[in-house]
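These notes concern the structure reproduced below.
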Amino acid sequence: MKNIYCIGELLIDFVAEKQGNDLSKVTEFTKKAGGAPANVACAIAKLGGKSKFIGCVGYDKFGDFLLDILEKHEVDISLAQRSKTFTTLAFVSIADEGERDFVFSRGADKELVYDPSVKVGFKKSILHLGAATALLGGELEKAYGRYFFDALTQDTFISFDPNFRGDLWKENEVNFIKKCLPYIEKSHLCKFSLEEAELISGKKDIYEACDFLHKVGTQIITITLGAKGTFLSTPTLKETIPSFNVNPIDTTGAGDAFIGCLLMQIAALDNINELQENVPLLLEMVKKANKAGAITTTNFGAIPALPTKEMIFN
């Protein structure tokens, strides 16, 4: 089983107690661990994979809480960093249909400093880049780019998820797209929501969007479609893999559970380079990843709702 390095933010999600409202109407919140790359790391570990988290939290009680959560889920946090800057916070409200209303208060996640000693571990491993806050400048973006370059030189399988958050980009989508393209060009696998695929490609047709993204460079594309499943695209295949019927109450972390499950399966392969040519295997992997994402929507909070190995592979 190959190591999977997950780089990006680890933060506190303050989730609204009374669901069905936007944040302007919420008065009570519950504290939960969050951050897309951290969610992916936990999803991998909970399914029996080997994940290592690279990110930064504050020297405060929230930072202690977050690192403790990752440790309890058997994520390797030896590469995590601490900062005097306060731990990043996100306030989340869930509407009636399960969609989310976000407001971020950025803190320590942006303080991650590049560690050159990590490079040697990338050799023939997997690197997952979650970009929710990583492309917003500062030390985190510098470290993110350098780790990406290291992976390119170490025969590393690279996964990229743009994790677009409108609240973070404040009508600066053009810059977001510009920053994503180099990662899409060199990554072996890219996971998008439909909104992200349309935004980055400039195409409203999913087939045209995938054609554009393949021309940029990535070979394997997954576009999550919620209850409809996942659209899988390679240079020789375009197919929608149906989801599993559930009653969703919170979509937070569903995409992270999906990509975590997919990466865990990829990490178990002897020869990753043959993946895109093995269509039956790829389809089966995405089917299992769909199941992981669906199960996650049936409970509140991303990490607590992540499925176990027995739920997916038995």
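For the pair Glu185 and Thr218, the minimum side-chain heavy-atom distance is 4.5 Å or more. Side-chain contact between Thr297 and Val246 is present, with heavy atoms from C-beta onward closer than 4.5 Å. With a 4.5 Å cut-off on side-chain heavy atoms, Phe104 and Leu136 do not count as touching. At least one side-chain heavy atom of Asp161 sits under 4.5 Å from a side-chain heavy atom of Lys191. Side chains of Phe258 and Asn290 form a contact here, defined as non-hydrogen atoms less than 4.5 Å apart. With a 4.5 Å cut-off on side-chain heavy atoms, Cys56 and Leu140 do not count as touching. Residues Lys186 and Pro182 have side chains not in contact (no heavy-atom distance under 4.5 Å, counting atoms from C-beta outward).
Pairs engaging residues 26-58 under the ring pair (Phe, Tyr, Trp, His ring centres under 6.0 Å) rule: Phe29-Phe91 [sequence neighbours left out].
Thr87 and Asp60 share a side-chain donor-acceptor pair at under 3.5 Å. Defined by atom type and a distance below 3.5 Å, a donor-acceptor pair is present between the side-chain atoms of His214 and Ser233.
Under the 4.0 Å criterion applied to side-chain N and carboxylate O atoms, Asp13 and Lys32 are not assigned as salt-bridge partners.
Put simply, the residue from Leu213, Thr230, Asp211, Leu189 that forms a side chain to side chain contact (heavy atoms under 4.5 Å, CB included) with Ile221 is Leu213.
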Can you give the donor-acceptor pairs under 3.5 Å from side chains of residues 149-158 to other protein atoms, not counting sequence neighbours?
from, atom 1, to, atom 2, distance (Å)
Asp150, OD1, Tyr114, OH, 3.4
Asp150, OD2, Tyr114, OH, 2.6
Thr153, OG1, Asp150, O, 2.8
Thr156, OG1, Phe122, O, 2.8
Thr156, OG1, Ala151, O, 3.3

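With hydrophobic clusters built from ILVMFWY side chains whose heavy atoms lie under 4.5 angstrom apart, Leu237 does not share a cluster with Phe231. In terms of hydrophobic clustering, with Ile, Leu, Val, Met, Phe, Trp and Tyr side chains grouped at heavy-atom distances under 4.5 Å, Leu232 and Ile259 are assigned to a common cluster. Tracing side-chain contacts under 4.5 Å through hydrophobic residues (I, L, V, M, F, W, Y), one never reaches Ile223 starting from Ile220; they form parts of separate clusters.
Closest of all the heavy-atom pairs between Glu71 and Ile77 is CG-CD1, 3.2 Å. Across all their heavy atoms, Cys180 and Phe160 have their closest contact at SG-CZ, 3.9 Å.
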When you look at Phe62 and Phe14, which way does the ring pair (Phe, Tyr, Trp, His ring centres under 6.0 Å) test go after all the steps? CA-CA 11 Å; Phe62 287 149; Phe14 280 109; 5.8 Å; yes
Show the numbers, then the answer: is there a salt bridge (charged side-chain N to carboxylate O under 4.0 Å, His left out) between Lys179 and Glu141? CA-CA 10 Å; Lys179 290 187 175 187; Glu141 185 170 3; 3.2 Å; yes
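Checking side-chain atoms of Arg165 against main-chain N and O of Ala132 turns up no donor-acceptor pair under 3.5 Å. The backbone N or O of Pro235 lies less than 3.5 Å from no partner atom in the side chain of Gln219, so there is not a single donor-acceptor pair. At distances below 3.5 Å, at least one donor-acceptor pair connects side-chain atoms of Glu9 with backbone N or O atoms of Ala36. Checking side-chain atoms of Thr88 against main-chain N and O of Arg106 turns up no donor-acceptor pair under 3.5 Å.
The CD1 atom of Ile206 sits 5.0 Å away from the CG atom of Leu225 when rounded to the nearest 0.5 Å. Taking CG of Leu199 as the start and NZ of Lys204 as the end, the distance is 8.5 Å to the nearest 0.5 Å. Here the straight-line distance linking atom CG of Asp64 with atom CD1 of Ile69 works out to 12.0 Å at 0.5 Å rounding. Remark: Thr85 OG1 to Asp109 CG distance equals 9.5 Å, nearest 0.5 Å. In this structure, OG on Ser187 lies 6.5 Å from CG on Leu129, to the nearest 0.5 angstrom. Between Leu282 atom CG and Gln265 atom CD the span is 9.5 Å, to the nearest 0.5 Å.
For Lys50, the NZ atom counts as densely surrounded, since its 6.0 Å shell holds more than 12 non-hydrogen atoms of other residues, nucleotides or ligands.
Not less than 6.0 angstrom separates the ring centroid of Phe212 from the ring centroid of Tyr207.
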